[in-house]
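Here you go, one structure.
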Protein chains: 2
Amino acid sequence: MAITTHDTSALADVSGPRALRADAQRNRQRLIEAAHAAFQQHGADASLDDIARVAGVGSGTLYRHFPTRQALLAAVSEDAIAALLVHGKQLCEAPDAGAAMHEWFSALVVHITTFDGFADELRKGMEDEHSELHGACMAMGASFDILLRRAQEAGAVRSDVEPTDVRRLVHAVAHATEGLPDRAQAADRLLRMLLDGLRSR
Amino acid sequence: MAITTHDTSALADVSGPRALRADAQRNRQRLIEAAHAAFQQHGADASLDDIARVAGVGSGTLYRHFPTRQALLAAVSEDAIAALLVHGKQLCEAPDAGAAMHEWFSALVVHITTFDGFADELRKGMEDEHSELHGACMAMGASFDILLRRAQEAGAVRSDVEPTDVRRLVHAVAHATEGLPDRAQAADRLLRMLLDGLRSR
DNA sequence: CCATAAACGGGGACAGTCTCCGTATATGCT
DNA sequence: AGCATATACGGAGACTGTCCCCGTTTATGG
């Protein structure tokens with residue numbers, strides 16, 4: 001049990017969890033790809049064991065990388081969410097606050113409607129502190145509120161509505177179009193109706 | 001194989017399916033009560049086998065009486081739906097078409113929010129021809145459309161919106177409040193916001 | 001090349017749905 | 001009342017999906 005080399009075991013771990021092993025990285029990527037396809041095809045409640053099978057790994061591997069469905073969902077939509085947030089940040093500078101808000105809300109709805117059942121998962125992620133989707137939900141919520149407030153201050157949206165309520169309504173619009181053949185158009189139409197009704201008078 | 005009495009087997013069955021046997025009727029009732037309690041407590045996706053257990057019958061009995069979850073849900077909410085439809089019929093005569101519509105939509109939302117997950121089941125029932133909930137959904141839809149049209153004709157609601165879209169939005173409002181501690185108030189507030197936005201200008 | 005930490009995988013426990021079929025019983029007829 | 005039989009019951013078990021455990025394999029760096 002003699003320590004023959006420098007003992008580094010007690011040093012603070014500065015670099016965070018060390019990088020994944022090469023095979024682990026490969027498997028992780030495969031899982032994300034398989035999950036993306038499965039969610040696209042069968043909705044957000046696609047069978048996880050199936051995803052593992054398609055990815056060519058055991059189910060244990062899937063659950064080690066992604067302990068919950070939400071974790072997998074978060075990984076799958078990571079890029080899209082990042083893009084959405086960037087888009088939001090840009091729109092915060094746009095001259096027409098009302099139009100900027102509308103544009104971003106549209107993009108948000110498109111994102112939520114990416115696959116069936118995603119709306120529900122996002123709601124859970126919003127409510128559950130410990131969900132792996134929670135962070136993303138909070139970030140999107142923040143972006144939402146800023147764009148809404150700006151629109152309100154610019155007089156484009158009635159000022160007597162709470163952001164939380166508007167969030168719920170926009171989210172509901174996305175949810176309401178679940179399973180529709182012309183989902184994109186329907187969502188657009190409903191969002192327009194909703195926002196039209198929220199204009200200042 | 002001699003036929004010794006009058007052969008009635010080929011006669012048209014005029015009386016429909018004969019009345020349930022006494023024990024079957026009892027079990028049916030018990031199942032409905034157990035289901036009601038379970039749905040109230042655990043939402044519309046409560047375990048069916050549990051419901052059977054609580055009702056004191058085998059799971060086979062449950063599935064014979066109610067082949068699907070929707071069938072059970074339909075039986076459980078039969079009375080409430082009937083009442084809602086009567087209420088709707090009465091409101092069709094009300095002088096203020098706008099107020100009548102609002103009142104009924106409120107009652108509808110209350111009904112949809114009876115238990116968690118019910119909104120989703122109702123949507124499925126709306127879409128699926130063969131759902132045991134389909135009939136009720138259609139009836140409620142019809143009532144909805146009449147009250148909306150009346151409000152539109154009275155100039156209380158903008159005339160450029162389709163009933164189908166408004167249905168979806170009202171339904172979405174009900175769904176959006178799922179799991180909220182102050183569900184009733186929240187639903188009321190959101191519905192008010194929505195309908196306020198749909199007024200003619 | 002080896003020691004070992006890291007990662008794998010799939011068997012299996014568990015929960016839920018739903019069916020099948022041997023058994024029990026309510027009912028109507030005599 | 002007693003019987004024949006349609007009617008209904010019950011729960012074992014097939015199946016699907018989630019998720020964990022732990023014996024085995026493999027990448028890595030010294």
Side-chain angles (χ1 to χ4, degrees), chain A residues 1-9 13 15-32 34-35 38-39 41-73 117 121 124 130-132, chain B residues 3-9 13 15-32 34-35 38-39 41-73 117 121 124 130-132:
Chain A
M1 260 298 206
I3 295 174
T4 54
T5 58
H6 303 290
D7 181 3
T8 58
S9 63
D13 189 349
S15 59
R18 90 163 60 173
L20 283 177
R21 231 166 67 173
D23 54 344
Q25 230 160 342
R26 227 184 1 260
N27 284 334
R28 198 188 133 87
Q29 202 49 43
R30 280 184 190 161
L31 280 167
I32 290 178
F39 290 151
Q41 247 185 38
H42 308 121
D45 55 352
S47 157
L48 296 183
D49 278 22
D50 268 358
I51 291 175
R53 201 166 307 121
V54 169
V57 305
S59 51
T61 300
L62 184 152
Y63 288 101
R64 195 166 342 95
H65 282 289
F66 308 102
T68 68
R69 182 179 297 275
Q70 305 244 328
L72 188 49
L73 241 5
E121 295 296 332
K124 287 181 214 158
H130 303 91
S131 165
E132 293 84 351
Chain B
I3 295 174
T4 54
T5 58
H6 301 290
D7 181 4
T8 58
S9 64
D13 190 351
S15 58
R18 90 164 56 175
L20 283 177
R21 232 167 67 174
D23 55 344
Q25 231 161 339
R26 222 178 15 251
N27 284 334
R28 199 187 131 87
Q29 202 49 44
R30 280 184 190 162
L31 280 167
I32 290 178
F39 290 151
Q41 246 186 38
H42 309 120
D45 56 350
S47 157
L48 296 184
D49 278 20
D50 268 356
I51 290 174
R53 202 166 306 121
V54 168
V57 305
S59 51
T61 299
L62 185 153
Y63 286 101
R64 197 169 336 97
H65 283 288
F66 308 102
T68 67
R69 182 179 297 275
Q70 306 245 326
L72 188 49
L73 240 6
E121 294 296 331
K124 287 182 212 157
H130 303 91
S131 164
E132 293 84 351

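Chain A is the first sequence line, chain B the second, and so forth, proteins listed ahead of strands; every chain is numbered from 1. Given the structure is predicted, the values throughout are model-derived calculations rather than measurements.
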Problem - A:Thr61 side-chain N/O to C:dA7 phosphate OP1/OP2 under 4.0 Å - result: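 Looking at the OP1 and OP2 atoms of C:dA7, neither is under 4.0 Å from any side-chain N or O of A:Thr61.
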Handout entry: Interatomic distance where CZ belongs to A:Arg69 and P belongs to D:dT18 [whole Å]
Key =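 Value for this atom pair: 5 Å.
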Exercise for the section: Check the distance between C:dC8's C1' and A:Leu31's CG and give it to me in whole angstrom. Expected result: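 Rounding to the nearest Å, CG of A:Leu31 and C1' of C:dC8 are 12 Å apart.
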Problem - Interatomic distance, B:Asp49 CG vs C:dT19 C1' [rounded to whole Å] - result: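 Taking atom C1' of C:dT19 as the reference, CG of B:Asp49 is at 12 Å.
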Problem - Carboxylate-amine/guanidinium proximity below 4.0 Å for A:Asp50 and A:Arg53 - result: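 A:Arg53 and A:Asp50: salt-bridged.
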Problem - Test item: B:Arg28 side-chain N/O and B:Leu20 main-chain N/O as donor-acceptor pair under 3.5 Å - result: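 Looks like no, no N/O pair under 3.5 Å.
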Problem - Atom pair distance, as rounded to whole Å: OH in A:Tyr63 and P in C:dG11 - result: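 Taking OH of A:Tyr63 and P of C:dG11, I get 16 Å after rounding.
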Exercise for the section: Send over the distance from B:Leu20 CG to C:dT27 P, rounded to a whole Å. Expected result: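 Taking atom P of C:dT27 as the reference, CG of B:Leu20 is at 11 Å.
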Exercise for the section: Scan B:Leu62 against the nucleic acid and name what it touches under 4.0 Å (heavy atoms): base, sugar-phosphate only, or nothing. Expected result: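 No contact at all - B:Leu62 keeps every heavy atom at 4.0 Å or more from the nucleic acid.
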Exercise for the section: Whole angstrom is fine here: how far is it from CD1 in B:Ile51 over to P in D:dG11? Expected result: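 For the pair B:Ile51 CD1 and D:dG11 P, the rounded distance is 17 Å.
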Exercise for the section: Answer yes or no: side-chain N or O of A:Arg64 and base N or O of C:dA7 forming a donor-acceptor pair under 3.5 Å. Expected result: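 Not at all, since no donor on one side and acceptor on the other fall under 3.5 Å apart.
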Practice task
Would you indicate, yes or no, if D:dC9 has its OP1 or OP2 atom less than 4.0 angstrom from a side-chain nitrogen or oxygen of B:His65?
Solution key: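 Affirmative; the distance criterion is met.
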Problem - Heavy-atom check, side chain of B:Thr61 versus side chain of B:Phe66, under 4.5 Å - result: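 Sidechains of B:Phe66 and B:Thr61: no contact.
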Practice task
Starting from C1' on C:dC8, measure out to CZ on A:Arg26 and report it in whole angstrom.
Solution key: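 Roughly 12 Å, once rounded to whole Å.
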Exercise for the section: For B:Gln25 and D:dC9, give me the distance from atom CD to atom C1', rounded to whole Å. Expected result: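 To the nearest whole Å, that distance equals 16 Å.
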Exercise for the section: Would you indicate what A:Asn27 reaches in the nucleic acid, counting non-hydrogen atoms under 4.0 angstrom: base, sugar-phosphate, or nothing? Expected result: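 If one applies the 4.0 Å heavy-atom cut-off, A:Asn27 turns out to touch the sugar-phosphate alone, with no base involved.
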